[in-house]
Protein chains: 2
Amino acid sequence: MVDRVAPAGTRGEQAVDRVHAVLRAEILDGVRPAGSRLREEEIAEAQGTSRTPVREAIRRLAGDGLAVLAPRRGAEVVAWDEEDLDELFDLRVLLEGHAAARAATSGRADTARLSELCDRMEALRRPTGDRDYAEITRLNLAFHREVHRAGGRRVLPDLVARVVEGPLVHSTLRRYSPDRLDRSFAQHRDLVAAVEAGDAEWARAVMTAHLRAAREVVRAAVPLSVPAPT
Amino acid sequence: MVDRVAPAGTRGEQAVDRVHAVLRAEILDGVRPAGSRLREEEIAEAQGTSRTPVREAIRRLAGDGLAVLAPRRGAEVVAWDEEDLDELFDLRVLLEGHAAARAATSGRADTARLSELCDRMEALRRPTGDRDYAEITRLNLAFHREVHRAGGRRVLPDLVARVVEGPLVHSTLRRYSPDRLDRSFAQHRDLVAAVEAGDAEWARAVMTAHLRAAREVVRAAVPLSVPAPT
DNA sequence: CTCCTCGTGATTGTGCACAAGGTAGAGCGC
DNA sequence: GCGCTCTACCTTGTGCACAATCACGAGGAG
């Protein structure tokens with residue numbers, strides 16, 4: 001995460017993209033906890049740019065639903081309460097279920113790729129360290145993204161991303177017991193089978209079950225971001 | 001649409017909000033057709049501000065899904081093809097159906113307000129001019145928004161807005177025959193009844209039927225954007 | 001005649017400075 | 001002692017200027 005601080009724009013990458021990515025990662029990793037303010041100048045200094053790209057990046061984060069803006073008072077990291085998380089999860093089930101159903105009949109699903117992702121996840125079924133968990137998370141995300149892509153042309157993937165890439169969902173897999181991890185991988189295989197069979201309702205049911213199980217794991221585990229064990 | 005051009009920020013309103021609202025209206029009204037470019041300087045001049053707020057407004061539009069950004073090449077109004085519209089409509093049915101179902105059981109639905117909106121729409125059941133259609137559209141939007149609000153706390157209303165406030169959906173009601181308009185209003189009444197009864201699946205079914213009927217009207221009618229019969 | 005290359009114009013990306021507004025703190029009055 | 005008000009600072013909002021990059025067209029070579 002060092003990044004060239006000096007030239008700040010030497011490469012083709014746009015500064016605003018860099019800032020956006022960094023802030024996003026910091027929020028998702030909990031470095032910037034829910035409710036913490038996003039001061040433009042502080043971020044600009046840390047990133048080695050001026051306030052202009054930082055402003056844009058913050059607005060984009062707000063558009064992604066990761067920050068909230070108050071006029072003349074700046075932005076802060078969005079804070080979710082228990083009910084919000086329930087709503088989020090419901091919508092995730094709805095949209096990802098829809099995506100799975102569509103993927104089964106759209107004929108645009110790359111089942112070979114899905115199977116390969118399953119293979120690679122199962123190769124890590126007994127993760128030993130952070131690197132393994134990170135890799136599984138990456139693969140899992142890629143798997144779901146492939147389903148989204150196959151289930152919708154333009155709108156659905158964006159919409160789903162908004163709901164999936166929310167809080168804590170990020171590091172959910174870390175909380176899975178080895179047993180639950182196996183079952184999760186098995187559900188992935190079921191989903192591939194449903195898609196290959198072209199059975200929309202089967203695919204929707206598998207995805208629904210898959211996500212509801214995930215919700216239970218998160219529910220059972222303790223706090224959200226900010227401790228606040230109230 | 002004249003707006004104070006001179007002081008450009010005298011009132012408490014933020015310039016960026018003004019620009020955003022104006023551009024949004026222009027896109028939805030077809031003044032800026034799909035595919036047309038959004039040049040910052042031109043807009044800035046027309047709005048009487050500098051490029052800075054215009055940039056922000058354009059980025060926000062892109063976040064809303066109304067414009068697409070190309071790095072270093074500017075932004076243009078999003079263009080939808082037939083398949084995109086199908087996808088959009090499917091998601092609208094899914095999300096608004098979900099919202100209706102939730103509204104029926106959440107206990108947060110203001111059925112008095114819904115009924116009143118029905119009353120006011122039915123008072124205009126034989127619209128005579130643009131003003132009537134505009135008013136019906138406003139009331140219809142308020143009705144649906146109330147359902148969204150009652151069906152979700154934070155995420156759902158935003159998500160639905162993204163799908164509903166797309167292209168052409170705006171002026172759909174203008175294409176309804178008097179007969180279809182009556183049936184549409186009747187469906188609104190049914191929805192209120194379902195919500196009052198607390199029957200989630202009934203509410204979902206009514207909303208689904210309501211929207212599918214709307215899709216048919218749009219399908220039967222002719223072109224997409226760029227109507228510009230003026 | 002066609003294709004490649006180079007130059008020119010136009011448009012966006014970034015940095016910086018000033019203005020407007022809000023918040024927090026201290027001081028004063030009740 | 002408590003509450004109000006006013007002031008000073010801090011942060012964001014806007015305008016403007018320069019730099020970077022891309023598209024288009026003209027010119028020349030093959």
Side-chain angles (χ1 to χ4, degrees), chain A residues 3-24 26-27 32-33 35-64 66-79, chain B residues 3-24 26-27 32-33 35-64 66-79:
Chain A
D3 268 331
R4 306 290 164 82
V5 184
T10 311
R11 299 267 296 288
E13 317 172 294
Q14 310 248 101
V16 53
D17 295 322
R18 245 177 11 107
V19 176
H20 175 76
V22 170
L23 283 179
R24 172 196 185 72
E26 288 179 353
I27 292 173
R32 295 183 181 273
S36 64
R37 296 191 58 176
L38 298 169
R39 294 193 313 107
E40 296 176 359
E41 189 141 16
E42 172 234 320
I43 297 166
E45 196 171 349
Q47 294 288 325
T49 68
S50 78
R51 277 175 50 211
T52 310
V54 174
R55 276 182 76 81
E56 279 203 23
I58 289 178
R59 302 310 163 113
R60 203 186 291 180
L61 287 172
D64 297 341
L66 289 176
V68 287
L69 262 53
R72 294 274 179 195
R73 291 185 45 206
E76 53 185 49
V77 179
V78 65
Chain B
D3 265 331
R4 307 290 165 81
V5 184
T10 311
R11 297 267 297 287
E13 317 171 294
Q14 309 249 99
V16 54
D17 295 322
R18 247 176 10 108
V19 176
H20 175 75
V22 171
L23 283 179
R24 172 196 184 73
E26 288 180 350
I27 292 173
R32 294 184 182 272
S36 65
R37 295 192 58 177
L38 298 168
R39 295 195 311 108
E40 296 175 359
E41 189 142 16
E42 172 233 322
I43 297 167
E45 195 171 349
Q47 294 288 327
T49 69
S50 76
R51 277 175 49 212
T52 311
V54 175
R55 275 183 76 81
E56 280 204 23
I58 289 178
R59 303 311 164 113
R60 202 186 292 181
L61 286 172
D64 296 342
L66 290 177
V68 289
L69 262 53
R72 293 274 179 196
R73 290 186 47 206
E76 54 184 49
V77 179
V78 67

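In what follows, chains carry the letters A, B, and so on, assigned in the order in which the sequence lines appear, proteins first and then strands, with residues in each chain numbered from 1.
At least one donor-acceptor pair closer than 3.5 Å links the side chain of A/Arg37 to the backbone N or O of A/Arg73.
In this structure, the CZ atom of B/Arg72 is 10 Å from the C1' atom of C/dT11, given to the nearest Å. One atom, CD of A/Glu40, and another, P of C/dC16, lie 15 Å apart when rounded to the nearest Å. Here D/dT12 presents its P atom at 12 Å from CD of B/Gln14, a figure rounded to the nearest Å. Rounded to an integer number of Å, the gap from CD of A/Glu41 to C1' of D/dG13 is 14 Å. Atom-to-atom, CD of B/Glu45 to C1' of C/dT11 comes out at 14 Å; the value is rounded to the nearest Å. The CZ-P distance, from B/Arg39 to D/dA23, rounds to 16 Å in whole Å. Distance CZ (A/Arg51) to C1' (D/dT11): 8 Å, rounded to an integer number of Å. A straight line from CG of B/Asp17 to C1' of D/dT14 spans 13 Å, rounded to a whole angstrom.
Using a 4.0 Å cut-off, no side-chain N or O of B/Arg73 falls inside it from OP1 or OP2 of D/dC22. The phosphate of D/dG13 (OP1 or OP2) has a side-chain N or O of A/Arg59 nearer than 4.0 angstrom. Remark: B/Arg55 is in phosphate contact with C/dG13, judged by side-chain N or O atoms under 4.0 Å from OP1 or OP2. Note on B/Thr52: every side-chain N or O is 4.0 Å or more away from OP1 and OP2 of D/dT14.
At the heavy-atom level, A/Leu38 lies under 4.0 Å from the strands shown only through sugar-phosphate atoms.
B/Arg32 has a carboxylate O that lies under 4.0 Å from a charged side-chain N of B/Glu42, or vice versa, which qualifies the two as a salt bridge. At a threshold of 4.0 Å, the pair B/Asp17-B/Arg60 counts as salt-bridged, since one of the basic side-chain nitrogens sits closer than that to a carboxylate oxygen. Here A/Arg55 pairs with B/Glu56 in a salt bridge; the nearest charged N to carboxylate O distance falls below 4.0 Å.
The side chain of B/Pro53 sits closest to D/dG15 out of D/dT11, C/dT12, D/dG15.
Counting heavy atoms from C-beta outward, B/Glu76 and B/Leu38 have side chains that stay 4.5 Å or more apart.
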